[in-house]
Trainee: 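Input: one structure, supplied below.
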Amino acid sequence: MSSEIKPACKLPRLLQGYQPRPCSIVSVGSYVPERVVTNADLETMVDTSDEWITSRTGIKERRLAAANEFTSDLAAKAAKRAMEKGGITGDQIDLIIVATITPDMLFPSTACLVQQKIGAGRCAAFDLEAACSGFIYGLEIAQQFIMSGTFKTVLVIGAEKLSTIIDWKDRNTCVLFGDGAGAAILQSRPDQHGLITSTLGADGGKAELLSMPAGGSRCPATAESLSSGLHYLRMDGKETFKSAVNAMVSAAQECLRRCGLDISEIKCVIPHQANLRIIDAVSDRLGAKPEQVFINLHRYGNTSAASVAIALDEAVSEGRVKRGDLILMVVFGAGLTWGAAVIEW
Ligand code: COA
């Protein structure tokens with residue numbers, strides 16, 4: 001079997017010892033809820049202003065899911081769009097990975113619920129928790145399963161209903177986040193490339209910078225945990241900002257180095273959409289030109305694990321990348337976690 005695998009890698013300068021990866025991203029899809037909440041809407045809820053939010057974050061509006069629309073619903077809609085575009089049926093899918101920090105329930109996994117909603121067979125399904133970095137973690141895991149020969153077709157979804165863990169009275173955090181989902185289908189295809197390489201990392205020493213303190217085994221739900229607001233997302237914005245820039249730049253540079261690529265050879269940089277100032281700082285330090293960098297943050301805010309998944313789908317639909325182009329994705333999130341991936345689209 002392995003002798004049939006001859007990937008047509010288009011990169012001439014791959015580092016010595018690099019193993020070609022016979023795995024392709026067949027298709028992508030995304031879904032965002034209908035309800036739009038603008039900065040002006042938030043002005044009526046907390047002491048903030050469109051001017052503050054725009055200048056500090058770049059966000060103009062975000063989407064919020066309806067009360068009866070759960071993370072699994074957003075995920076299933078994004079997945080169905082990817083399946084339609086790729087001509088993939090439910091019974092072809094061997095594994096579903098859902099990256100999320102807002103699962104429908106702590107268990108069973110949201111991936112199991114998605115399996116039912118998209119009409120997949122009794123394939124393997126699990127959730128992955130790497131916060132905003134989850135989608136890149138998911139792509140790499142999917143690729144490993146495919147390369148090992150365990151599975152042929154893997155569905156990776158980043159999906160969040162962050163609106164359920166946001167304190168809508170806390171102006172420090174409520175202006176930053178939104179709901180949505182993005183999906184990618186990976187398949188073993190000897191003649192094409194998906195992820196060329198990826199870098200993943202984490203630093204649990206900084207876990208407290210961004211967390212939801214209650215609801216797990218450390219602090220189960222009590223009347224007191226609820227009244228203290230411990231079930232909401234908490235963040236040290238300034239420290240998170242600094243860590244994000246440093247980690248994203250290092251991860252992206254490492255990925256480029258491994259492929260022997262210069263940033264100018266990347267058609268589209270897709271950074272985690274958390275804050276325009278983070279994106280600008282990372283782009284500057286990488287030497288990326290503004291026209292190389294894909295941004296949809298102003299429309300959706302930070303959708304955590306869904307962020308780069310939605311952005312990838314939109315970059316493709318808008319014609320910003322064509323088959324054969326090189327994409328650099330770079331992410332950062334709670335954990336702390338980070339990751340980057342060079343993809344040949
Ligand atoms: N509207 C108006 N004022 C606000 C506000 C809001 N929505 N949120 C905070 N402020 C106030 C603060 O209370 C503070 O007031 P004070 O000086 O009287 O205490 C002031 O604005 C400045 O706050 P500061 O924290 O210095 O702002 P900042 O420039 O660091 O920007 C963030 C704050 C959160 C936008 C920024 O730190 C950030 O984006 N951090 C990274 C967040 C992130 O991306 N997290 C997810 C990573 S995956």
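This chain uses plain numbering: 1 for the first residue, then up along the sequence. Order of listing sets the numbers, starting from 1, for every ligand and every atom in it. Values below: every heavy atom of this structure, side chains too, minus hydrogens, waters and symmetry copies.
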Trainee: In terms of residue, atom name and distance, what is the protein heavy atom nearest to atom 39 (O) of ligand 1?
Mentor: N275 ND2, 2.6 Å
Trainee: Between D50 and K60, does at least one N-O distance fall below 4.0 Å, as a salt bridge requires?
Mentor: yes
Trainee: For ligand 1, is there an N or O atom under 3.5 Å from any N or O atom of L210?
Mentor: no
Trainee: Should the pair R81-E84 be classified as a salt bridge under the 4.0 Å nitrogen-to-oxygen rule?
Mentor: no
Trainee: Could an N or O of ligand 1 be found under 3.5 Å from any N or O of T57, whether backbone or side chain?
Mentor: no
Trainee: Return the closest protein heavy atom for atom 30 (O) of ligand 1 as residue, atom name and distance.
Mentor: K238 NZ, 3.3 Å
Trainee: What protein heavy atom sits nearest atom 1 (N) of ligand 1, and how far off is it?
Mentor: T48 OG1, 2.6 Å
Trainee: Can a donor-acceptor pair be found between the side chains of E140 and S198 at a distance below 3.5 Å?
Mentor: yes
Trainee: Can you tell me the protein heavy atom closest to atom 41 (C) of ligand 1 and the distance?
Mentor: G237 O, 3.5 Å
Trainee: Is it the case that the side chains of S24 and Q187 hold a donor-acceptor pair, with the cut-off being a distance below 3.5 Å and no angle test?
Mentor: no
Trainee: Counting only heavy atoms not in K117, do more than 12 fall under 6.0 Å of its NZ?
Mentor: yes
Trainee: Counting heavy atoms only, which of R171, E43, M235 comes nearest to atom 45 (N) of ligand 1?
Mentor: M235
Trainee: Quick test of your reading of the structure: of R56, E51, Q273, whose heavy atom lies closest to atom 28 (P) of ligand 1?
Mentor: R56
Trainee: With no hydrogens and no angle check, just 3.5 Å: does a side-chain donor-acceptor pair link D41 and T38?
Mentor: yes
Trainee: Considering non-hydrogen atoms of the protein only, which is the closest contact for atom 44 (O) of ligand 1, and what is the distance?
Mentor: A274 CB, 3.3 Å
Trainee: Would a 4.0 Å cut-off, counted as strictly less than, catch a protein heavy atom around atom 4 (C) of ligand 1?
Mentor: yes
Trainee: Can you find a pair of side-chain heavy atoms, one from C132 and one from S304, that are under 4.5 Å apart?
Mentor: yes
Trainee: Can you find an N/O atom of R277 closer than 3.5 Å to an N/O atom of ligand 1?
Mentor: yes
